[in-house]
Amino acid sequence: MATRAAVAAPHLLRRFFCSNSASSSFPFVPTPPPGAVPSPARPTAEPNNNLFVSGLSKRTTTEKLREEFSKFGEVVQARVVTDRVSGYSKGFGFVKYATLEEAAKGIEGMDGKFLDGWVIFAEYARPRPPPGHLNDNSPQFGRQ
DNA sequence: ACTGAGCGA
């Protein structure tokens, strides 16, 4: 009968699970390799007065961005990146503080907070590419 | 139409 096998089955299963004392033989290793580099390519730039704000709502404008970040320091310049053709916001912007400590407070104060129903992320912006030489064809004419 | 990772005219 199959009843005898059913009695002997739990006995073998108990030995199977109790023999799991050595967890090093388990194929599932949630721990990362010890030789891994902590950060081969850091997603965050070095401390700077400029801040990169992402996760903005499509309805968030430059005025709203400066108004919110001005509560943590003096905002020298704030801009929400919008598309030139469509005119809609791309969902991220930049905020420049007067000093670096104000920029740090701005990140600590606005990073992970809600703005217009969206969780925004504030971090140090990367240095922009060189504008090149002063020429009439330079695209850096007009602002700042 | 703006949809959802990102680095700007």
Side-chain angles (χ1 to χ4, degrees), chain A residues 2 5-6 8-144:
Chain A
H11 185 74
L12 296 176
L13 289 176
R14 286 180 62 183
R15 290 181 58 187
F16 182 78
F17 285 115
C18 290
S19 62
N20 200 13
S21 303
S23 59
S24 60
S25 60
F26 215 63
F28 302 100
V29 182
T31 57
V37 183
S39 57
R42 297 171 194 168
T44 56
E46 299 178 1
N48 192 285
N49 294 33
N50 255 69
L51 261 58
F52 171 71
V53 186
S54 59
L56 294 177
S57 175
K58 303 295 181 181
R59 295 160 293 272
T60 303
T61 175
T62 301
E63 297 178 352
K64 182 70 176 183
L65 191 67
R66 169 174 287 198
E67 182 180 356
E68 291 296 323
F69 278 81
S70 294
K71 298 187 297 185
F72 301 93
E74 180 182 355
V75 177
V76 177
Q77 183 187 74
R79 165 159 57 200
V80 173
V81 179
T82 54
D83 188 72
R84 217 22 109 133
V85 240
S86 60
Y88 285 97
S89 175
K90 290 185 179 179
F92 64 91
F94 294 90
V95 175
K96 177 184 292 184
Y97 281 98
T99 60
L100 197 147
E101 54 184 7
E102 289 178 334
K105 293 192 302 181
I107 293 181
E108 295 296 330
M110 290 301 298
D111 184 46
K113 298 302 176 61
F114 282 88
L115 185 58
D116 289 339
W118 285 84
V119 180
I120 68 176
F121 298 95
E123 56 185 339
Y124 294 105
R126 300 177 186 156
R128 296 186 304 178
H133 299 284
L134 283 309
N135 193 358
D136 294 344
N137 291 338
S138 292
Q140 294 293 341
F141 275 91
R143 296 294 177 89
Q144 176 69 3

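Convention: sequence-line order gives letters A, B, ...; per-chain numbering from 1. Both backbone and side-chain heavy atoms feed into the values below; hydrogens, waters and symmetry mates do not.
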(request) Could you check A/F92 against A/G87 and say which one's nearest nucleotide on DNA chain B is further toward the 5' end? (result) A/G87
(request) Nearest whole angstrom, please: distance from the P of B/dG6 to the CZ of A/F94. (result) 14 Å
(request) Could you pull out all residues at least two apart from A/S54 that satisfy side chain to side chain donor-acceptor pair (under 3.5 Å)? (result) none
(message) Rounded to whole Å, how long is the line connecting atom CG of A/N48 with atom P of B/dG8?
(response) 15 Å
(request) Under 4.0 Å from any atom of DNA chain B, heavy atoms only: list the residues of residues 49-74 of chain A that qualify, in numerical order. (result) A/N50, A/F52, A/S54, A/G55, A/L56, A/S57, A/K58
(request) Looking only at side-chain atoms of A/A125, point me to the closest of B/dC7, B/dG4, B/dG6. (result) B/dC7
(request) Rounded to the nearest angstrom, tell me the gap between atom CH2 in A/W118 and atom P in B/dA5. (result) 9 Å
(request) Kindly state which residues belonging to residues 103-114 of chain A come within less than 4.0 angstrom of DNA chain B, counting heavy atoms of the residue only, listed by number. (result) none
(request) Apply side chain to side chain donor-acceptor pair (under 3.5 Å) to A/T60 and list each qualifying residue two or more places apart in sequence or on a separate chain. (result) A/D116
(message) With side chain to side chain contact (heavy atoms under 4.5 Å, CB included) as the test, pick out the partner of A/F69 among A/K96, A/K105, A/M110, A/E74.
(response) A/M110
(request) Under the salt bridge (Lys or Arg N to Asp or Glu O under 4.0 Å) rule, collect the residues that match up with A/E102, sequence neighbours excluded. (result) none
(request) Have a look at A/F121 and say if it touches a base, only the backbone sugar-phosphate, or nothing, with a 4.0 Å heavy-atom cut-off. (result) nothing
(message) Can you list everything that forms a salt bridge (Lys or Arg N to Asp or Glu O under 4.0 Å) with A/K113? Sequence neighbours excluded, please.
(response) none
(request) Measure from the side-chain N and O atoms of A/S57 to the backbone N and O of A/W118, and report whether any donor-acceptor pair falls under 3.5 Å. (result) no
(request) Looking at every strand, decide which applies to A/S86 at a 4.0 Å heavy-atom threshold: base, sugar-phosphate, or nothing. (result) base
(message) Can you list everything that forms a ring-ring contact (aromatic ring centres under 6.0 Å, His included) with A/F94? Sequence neighbours excluded, please.
(response) A/F52
(request) Using the C1' atom as the reference point in each nucleotide, state the distance between B/dG6 and B/dC2 in Å, no decimals. (result) 16 Å
(message) I need the full list of salt bridge (charged side-chain N to carboxylate O under 4.0 Å, His left out) pairs touching residues 57-72 of chain A, with sequence neighbours left out, sorted by first then second residue.
(response) A/K64-A/E68, A/E68-A/K71
(message) So, using side chain to side chain donor-acceptor pair (under 3.5 Å) as the criterion, who are the partners of A/K90 when residues are at least two apart?
(response) none
(message) Check the phosphate of B/dC7 against A/R126, side-chain N and O only, distance under 4.0 Å to OP1 or OP2. Yes or no?
(response) yes
(request) Could you tell me the separation between the CG atom of A/D83 and the P atom of B/dT3, rounded to a whole number of Å? (result) 13 Å
